[in-house]
Protein chains: 4
Amino acid sequence: MELAVSLQRNKSAGRPRSTASEAAVIAATAELLKERPLRDLTIEEIARKAGVGKQTIYKWWNSKSAVALDAFCKTMLKEVEVPDTGSLLEDMARQLRSVTHFYKSKAGDAFRQFLAEAQSDEEFRRLFLKVFLKPRRDEVRVMWERAIERKEIAADTDPEIAMDNLYGPLIFRLMSGHGSLSENVTQQIAQNAFWGIATEKVHAAYRKRTSER
Amino acid sequence: MELAVSLQRNKSAGRPRSTASEAAVIAATAELLKERPLRDLTIEEIARKAGVGKQTIYKWWNSKSAVALDAFCKTMLKEVEVPDTGSLLEDMARQLRSVTHFYKSKAGDAFRQFLAEAQSDEEFRRLFLKVFLKPRRDEVRVMWERAIERKEIAADTDPEIAMDNLYGPLIFRLMSGHGSLSENVTQQIAQNAFWGIATEKVHAAYRKRTSER
Amino acid sequence: MELAVSLQRNKSAGRPRSTASEAAVIAATAELLKERPLRDLTIEEIARKAGVGKQTIYKWWNSKSAVALDAFCKTMLKEVEVPDTGSLLEDMARQLRSVTHFYKSKAGDAFRQFLAEAQSDEEFRRLFLKVFLKPRRDEVRVMWERAIERKEIAADTDPEIAMDNLYGPLIFRLMSGHGSLSENVTQQIAQNAFWGIATEKVHAAYRKRTSER
Amino acid sequence: MELAVSLQRNKSAGRPRSTASEAAVIAATAELLKERPLRDLTIEEIARKAGVGKQTIYKWWNSKSAVALDAFCKTMLKEVEVPDTGSLLEDMARQLRSVTHFYKSKAGDAFRQFLAEAQSDEEFRRLFLKVFLKPRRDEVRVMWERAIERKEIAADTDPEIAMDNLYGPLIFRLMSGHGSLSENVTQQIAQNAFWGIATEKVHAAYRKRTSER
DNA sequence: CTATAACCGAGACGGTACGTCAGGTCTTCGC
DNA sequence: GCGAAGACCTGACGTACCGTCTCGGTTATAG
């Protein structure tokens, strides 16, 4: 019980890390990240704004992207909503509404910056995957697992692919900007993804309740 | 940039634009783009490698991304294959195989770099959309228009969304690297996209030919 | 005749070196050098004060000491007075008075800084020797050559050693600060140096004119 | 610094100064000082090499030069040889031989570094004068006092100036590097200095023993 | 036998400067 | 007048030390 604590402390001599500095860096970075693209941040500016030495940043983070990701996770992130309405279509529609709201926010801008950054920094790609993307997907995956239990989708459905079917189109749309992300569009995407993965039985049930498509 | 140059102004005095320089810049950039991420290219290096003054580059292109995009379009791009098998599912499967091959090539790396770059450079995003993405989508759109004619999908289906359903998951997978892009996965994505947009009639016909999913 | 000139110019394309920048650097450095020891100058401060990029300084000079030496030679240096009174003793006494004046000035401070710098930078030591010390000694050497002609000193006297006998004590005094450099002291040093190198004949002649030492 | 410590205050509470740490600092510094110029030492490196906290160094010494001087005095210094042959010329020649040996050694390098350091640090200049230069000159001064007693030099000769006449040329030669310090040269310097300060009587006696110069 | 005090190592901190790199602009010459 | 060459100012890079500041711990004397 107490063990973890006492193992944690005392492990090193010397002046301990300044929580104030860390917080200042995170805060400054978060603020800057809302103002401009990640690419246009500089370590110097973060240090300046945080009132912190550059070395202090380099000591605790590997790159400005790592600082930014940390700031993002600590200040810009809200809980994922994982609806459980008993209907996959409904779940997906609701979920998509909520992630769309995220994607369109400042946080969503940051998210896309990170995805962009990952294209030229393999180490960061892994970090981003580990600290943000994977945990998020793990939370959301239950939506499909529940659908499998309810037999709405086939037992051998790969939730990973299901998720890509749902989120991929959205993200691509946002990144390329070739089309808008209106309510209408997101719902269409949700429906297509649903029809794409649901079983025939569910299709039939669904068709009963609505007019033929 | 680069467009509609020659017709209007053949009267101007002075030395004409050197086609050799332009070609050298394009070639050097293409080569560099195969070696490393766009972000890590520099105008100076391109100029050095091309044996060209920096100013010459700045004169004809707005940014290194613009040079790179130009180089990409002129040297790394092959015709899109737009299959016409008479079956949307088959068309989509084939198409996806061919774009997957593209995405996994050096050219695909470059494509993702451009998408990344667009996240921090709105002007470039528009350029990329105009000179690459839109033309491509225009070519591919006929696949869905043909499917509408064949009544495989509803008349009011938006091909834009259909395309996002098909390509979005792939691109997202590649960019985030959370999963592989095996033949198996791409075919699954194609199928899901197809089931997502095809009409009930087509679903039924398809089920006849295969065992129940 | 004209050859040297035409070889000099035209040798390179590109924007020529900015004389304004060079002058600004020299001026700024000279000013700073009067305010504080060479060691406490920084390239950054010079650049800042001169309104010049650091790179411009690094391009044309190897080190801050080199800049400082250049500034010193171009702005703080006056002609050496090489007296020719027909008497070595008189020449030496006058010369020493004038160099003492130099040593005690701001320029003399700088001179000692350079000598100090040379102790930890062999490359600079050679530079200093070449551009300042050797030319100066070459100018002054004639004093002893004339004395040799007049047979005041032996024909095989080494002027280098004679000069060290004259200037060495002064410089050491100034650097260590163990004693003052009053008129009295410098004249004593001059006399000792003179007696040390003059021939017996001259000693005798000199003794006739003055009371026995 | 470092002087007159123990006698006055044996009463104070608290942990006493660690002699081990002091010795380690001195040893590490001495070693480093043999490897590179004083300017290129850093407190951090000394602390690292000595296995000591930086603060411990700052507590007991004012600057790295002070540490170095301390290390120099405690480990690199040998007794000065003050010959007493009964002849000033002989004394000077021998002395100069021995100091030349010193100047050319690692210790001599350090000595010049200190003299150099003194040009940009007035406080250190005074310290160096007090703990090294003055004591040394005090020891050597008797050479001239004995010569005065023997009436080899005038009663009012200033030994300080005499010393400068002897050592100054050597030191300047070494610092500027404009000439070598061969046996031949040092003996010439010694002779010149001797002739410069000896009385006529001595000159005459000396001439009897040698051929006319 | 504590309590107090000074010391010590370790090492994090806010800074300043380093020397390098590239950006985007400018100026000159040769074609 | 175009284009190469290349110098210019700017500003960020990542590193090295500076001198200061906590920490946890150690070793003395004083009570």
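Letters A, B, ... are given to chains in the order of the sequence lines, protein chains preceding strands, and every chain is numbered from 1.
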When you measure from the side-chain N and O atoms of [X] to the phosphate of [N], is any distance below 4.0 Å, counting only OP1 and OP2?
{"X": "D/Ser21", "N": "E/dG9", "result": "yes"}
{"X": "C/Trp60", "N": "F/dA7", "result": "no"}
{"X": "B/Thr56", "N": "F/dA4", "result": "yes"}

F/dC8, E/dC13, E/dC8: which one has an atom nearest the side-chain heavy atoms of C/Arg17?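 Side chain of C/Arg17 sits closest to F/dC8.
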Whole angstrom value for the distance that separates [atom2] of [N] from [atom1] of [X]:
{"X": "B/Ile57", "N": "E/dT25", "atom1": "CD1", "atom2": "C1'", "answer": "15 Å"}
{"X": "A/Lys59", "N": "F/dT15", "atom1": "NZ", "atom2": "P", "answer": "12 Å"}
{"X": "D/Trp61", "N": "E/dC8", "atom1": "CH2", "atom2": "C1'", "answer": "13 Å"}
{"X": "B/Asn62", "N": "E/dT25", "atom1": "CG", "atom2": "P", "answer": "11 Å"}
{"X": "C/Arg39", "N": "F/dC18", "atom1": "CZ", "atom2": "C1'", "answer": "14 Å"}

Evaluate the side-chain contact (heavy atoms from CB on, under 4.5 Å) criterion for residues B/Arg36 and B/Glu45: first the C-alpha distance (whole Å), next the side-chain angles of each, then the deciding distance (0.1 Å), finally the verdict. CA-CA 12 Å; B/Arg36 53 170 147 287; B/Glu45 191 179 18; 2.2 Å; yes
Take D/Ala50 and C/Arg15, find for each the nucleotide of DNA chain E with the closest heavy atom, and name the residue whose nucleotide sits nearer the 5' end.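 Counting from the 5' end, the first nearest nucleotide belongs to D/Ala50.
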Taking side chain to side chain contact (heavy atoms under 4.5 Å, CB included) as the definition, give me every residue that meets it alongside [X], ordered by chain and number, with sequence neighbours left out.
{"X": "B/Ala116", "value": "A/Ala116, A/Gln119"}
{"X": "A/Glu122", "value": "A/Arg125, A/Arg126"}
{"X": "A/Arg39", "value": "B/Arg39, B/Glu117, B/Ser120"}

Keeping to residues at least two apart or across chains, list the ring-ring contact (aromatic ring centres under 6.0 Å, His included) pairs with something in residues 50-76 of chain C.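 ring-ring contact (aromatic ring centres under 6.0 Å, His included) check on residues 50-76 of chain C returns C/Phe72-C/Phe114, C/Phe72-C/Phe132.
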For nucleotides 16-21 of chain E, give me one character per nucleotide, 5' to 3': B if any protein heavy atom sits under 4.0 Å from the base, S if the only such contacts are to the sugar-phosphate, - if neither. -SBBBB
Looking at C/Lys106 and C/Glu35, is any side-chain nitrogen of the basic one under 4.0 Å from a carboxylate oxygen of the acidic one?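 The answer is no: the pair does not qualify as a salt bridge.
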Can you check nucleotides 1-4 of chain E for protein contacts, nitrogen or oxygen pairs under 3.5 Å, and list what you find?
none

